[in-house]
Amino acid sequence: MRTIFSSLSLAAILVVSLGCNRKSEAAIQAEEAAKAAESKVAQLEQQLAEAKSGKVAGADSDTVQHITKSQVKALERQVADAKKRAEAKKQEAITLAAAPAPKDAPKAVVVEVPTGTKLEIALARDLATDKEQPGDAWEGSLAADVVVDGKLVWSAGSPARGVVTQSAAAGRLSNGQGALGIRLTEIAGVGIDTDTHVVVASARGERNAKFIGGGAALGALVGLLSDKKNQGDHALGGAAIGAAAGTAVAAGTADTIVRIPASKPVAFSLTAPERVTLKK
């Protein structure tokens, strides 16, 4: 209800503001971006509600409870960040709607970055289970340009932000495993949907990087981390899951701390298309 009201309020303000002004191309694009940002908030709030519902189940109840609590904290962070971005987009749309349309303004170039687009991120610092908690934010930068149809969408060095989705030292879970999971949520101020990278570890020093994509990430995490038979690729909920090629993984060691070092870029992939207005 709150999201619907927000959308109606934005639409009403824009109608009033445009009463005496012709819509500029920039105002049109800003209005669409504001609506898209509000839609992302609604999607994340739905995911948070589902995580809190307790519908995800598994034979290993302790692990399910641990993973679910972690996912809730991560989603709460994502919702809060998404609301801030949505509010900024709304204010930008209102400002542009109130301004007179400039004459002969160049047409904005909008590019749709497709699902599956690879994003390589250089972490600002090492991440580890003895320091990071679920819901904590992490920062980094884009390690390589993202180009679509010959157009530069995001340049290398663009700021990146993400959230820790799982943090448990090796041996912490009931099957003797541990995990450190991270998700990329923002590039250059644009909220995005990506897969989750999880480094699964055992107290014996085994380290494996996995990626989980799609909207069923919670069920897939439960399937992966509650696998007492150590089959490794079992996933509930139908989410894509597999080896995370190119992901930085700490060298095999009996150390129970699970780390993702900053020395090598971590690869993520978009799980939903993203429309980006290119800056002139």
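Below, each value reflects all heavy atoms present in this structure, side chains not excepted, and no hydrogens, waters or symmetry copies.
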Say you draw a straight line from OG1 of Thr185 to CD of Gln78; how long is it, rounded to the nearest 0.5 Å? 6.0 Å
Using the test side-chain contact (heavy atoms from CB on, under 4.5 Å), find all partners of Thr129 that sit at least two apart in sequence or belong to another chain. Ser167, Ala169, Leu180, Ile257, Val258
Check the pair Gln46 / Glu50 against side chain to side chain donor-acceptor pair (under 3.5 Å), numbers first and verdict last. CA-CA 6 Å; Gln46 179 62 32; Glu50 291 174 357; 3.1 Å; yes
State whether Glu76 and Lys52 are salt-bridged, where the test is any N-O pair (Lys NZ or Arg NE/NH1/NH2 against Asp/Glu carboxylate O) under 4.0 Å. yes
Can you run down the salt bridge (Lys or Arg N to Asp or Glu O under 4.0 Å) pairs that involve residues 128-144, sequence neighbours left out, and say none if there aren't any? Arg125-Glu132, Glu139-Arg161
Under-4.0 Å salt bridge between Glu87 and Lys90: yes
Is a side-chain N or O of Ser158 found less than 3.5 angstrom from the main chain of Ser155, in a donor-acceptor match? yes
Euclidean distance, Lys73 NZ relative to Leu48 CG, rounded to 0.5 Å: 13.5 Å
Please tell me if the side chains of Thr117 and Trp154 come closer than 4.5 Å, counting only heavy atoms from C-beta onward. no
Testing the basics here: between Ala93 and Ala34, what is the closest heavy-atom pair and its distance to 0.1 Å? CB-CB, 4.3 Å
Candidates Lys210, Gln71, Arg183 - the one meeting side-chain hydrogen bond (donor to acceptor under 3.5 Å, both in side chains) with Thr196: Arg183
Distance-only, no hydrogens or angles: does the Thr194 side chain make a donor-acceptor pair with backbone N or O of Ser269 under 3.5 Å? no
Do Ile192 and Leu278 sit in the same hydrophobic cluster, where Ile, Leu, Val, Met, Phe, Trp and Tyr count as joined when their side-chain heavy atoms come under 4.5 Å apart? yes
Can a donor-acceptor pair be found, under 3.5 Å and without considering hydrogens, that links the side chain of Thr68 to the backbone of Val64? yes
Gap between atom CD of Glu186 and atom NZ of Lys84 - 0.5 Å precision: 10.5 Å
Give a yes or no on whether Leu123 and Val163 share a hydrophobic cluster (residues Ile, Leu, Val, Met, Phe, Trp, Tyr; joining criterion: side-chain heavy atoms under 4.5 Å apart). no
To the closest 0.5 Å, what do you measure between NZ (Lys89) and CD1 (Ile94)? 14.0 Å
Closest heavy-atom pair and its distance - Gly135, Arg77: O-NE, 2.9 Å
Measuring only between side-chain heavy atoms, which start at C-beta, is Arg172 closer than 4.5 Å to His66? yes
Salt-bridged, Arg275 to Glu32, with N to O below 4.0 Å? yes
Applying a strict under-4.5 Å side-chain criterion to I, L, V, M, F, W and Y, I'd like to know whether Ile28 and Leu96 cluster together. no
Does one hydrophobic cluster hold both Val110 and Ile187, with members joined at side-chain heavy-atom distances below 4.5 Å? no
For Val147 and Val153: C-alpha separation, side-chain torsions, deciding distance, then whether side chain to side chain contact (heavy atoms under 4.5 Å, CB included) applies. CA-CA 6 Å; Val147 178; Val153 180; over 6 Å; no
Taking all non-hydrogen atoms of both residues into account, name the closest pair between Lys118 and Val146 and its distance. O-CG2, 4.4 Å
Can you measure from CG (Asp195) to CZ (Phe211) and round to the nearest 0.5 angstrom? 6.5 Å
Is any NZ, NE, NH1 or NH2 atom of the basic residue among Glu274 and Lys40 found under 4.0 Å from an Asp or Glu carboxylate oxygen of the other? yes
Quick one: pull up CD in Glu120 and OG in Ser141 and give me the separation to the nearest 0.5 Å. 11.5 Å
For a side chain to side chain contact (heavy atoms under 4.5 Å, CB included) with Asp193, tell me which candidate from Leu184, Leu270, Thr271, Thr115 qualifies. Thr271
State whether Lys83 and Glu45 are salt-bridged, where the test is any N-O pair (Lys NZ or Arg NE/NH1/NH2 against Asp/Glu carboxylate O) under 4.0 Å. yes
Residue pair Ile182 / Phe268: nearest heavy atoms and the distance that separates them: O-CE2, 3.6 Å
Between Ser202 and Arg207 the two heavy atoms that sit nearest each other are O-NH1, 3.2 Å
Taking Leu142 as the starting point, is it possible to reach Val148 by hopping between hydrophobic residues whose side chains are less than 4.5 Å apart? yes
Please report the C-alpha distance between Val111 and Val109 in whole Å, then the side-chain angles of each, then the deciding distance to 0.1 Å, and finally whether the side chain to side chain contact (heavy atoms under 4.5 Å, CB included) criterion is met. CA-CA 7 Å; Val111 175; Val109 177; 4.3 Å; yes
Identify the two heavy atoms, one from Val164 and one from Ala74, that lie closest to each other, and give their separation to 0.1 Å. O-CB, 3.6 Å
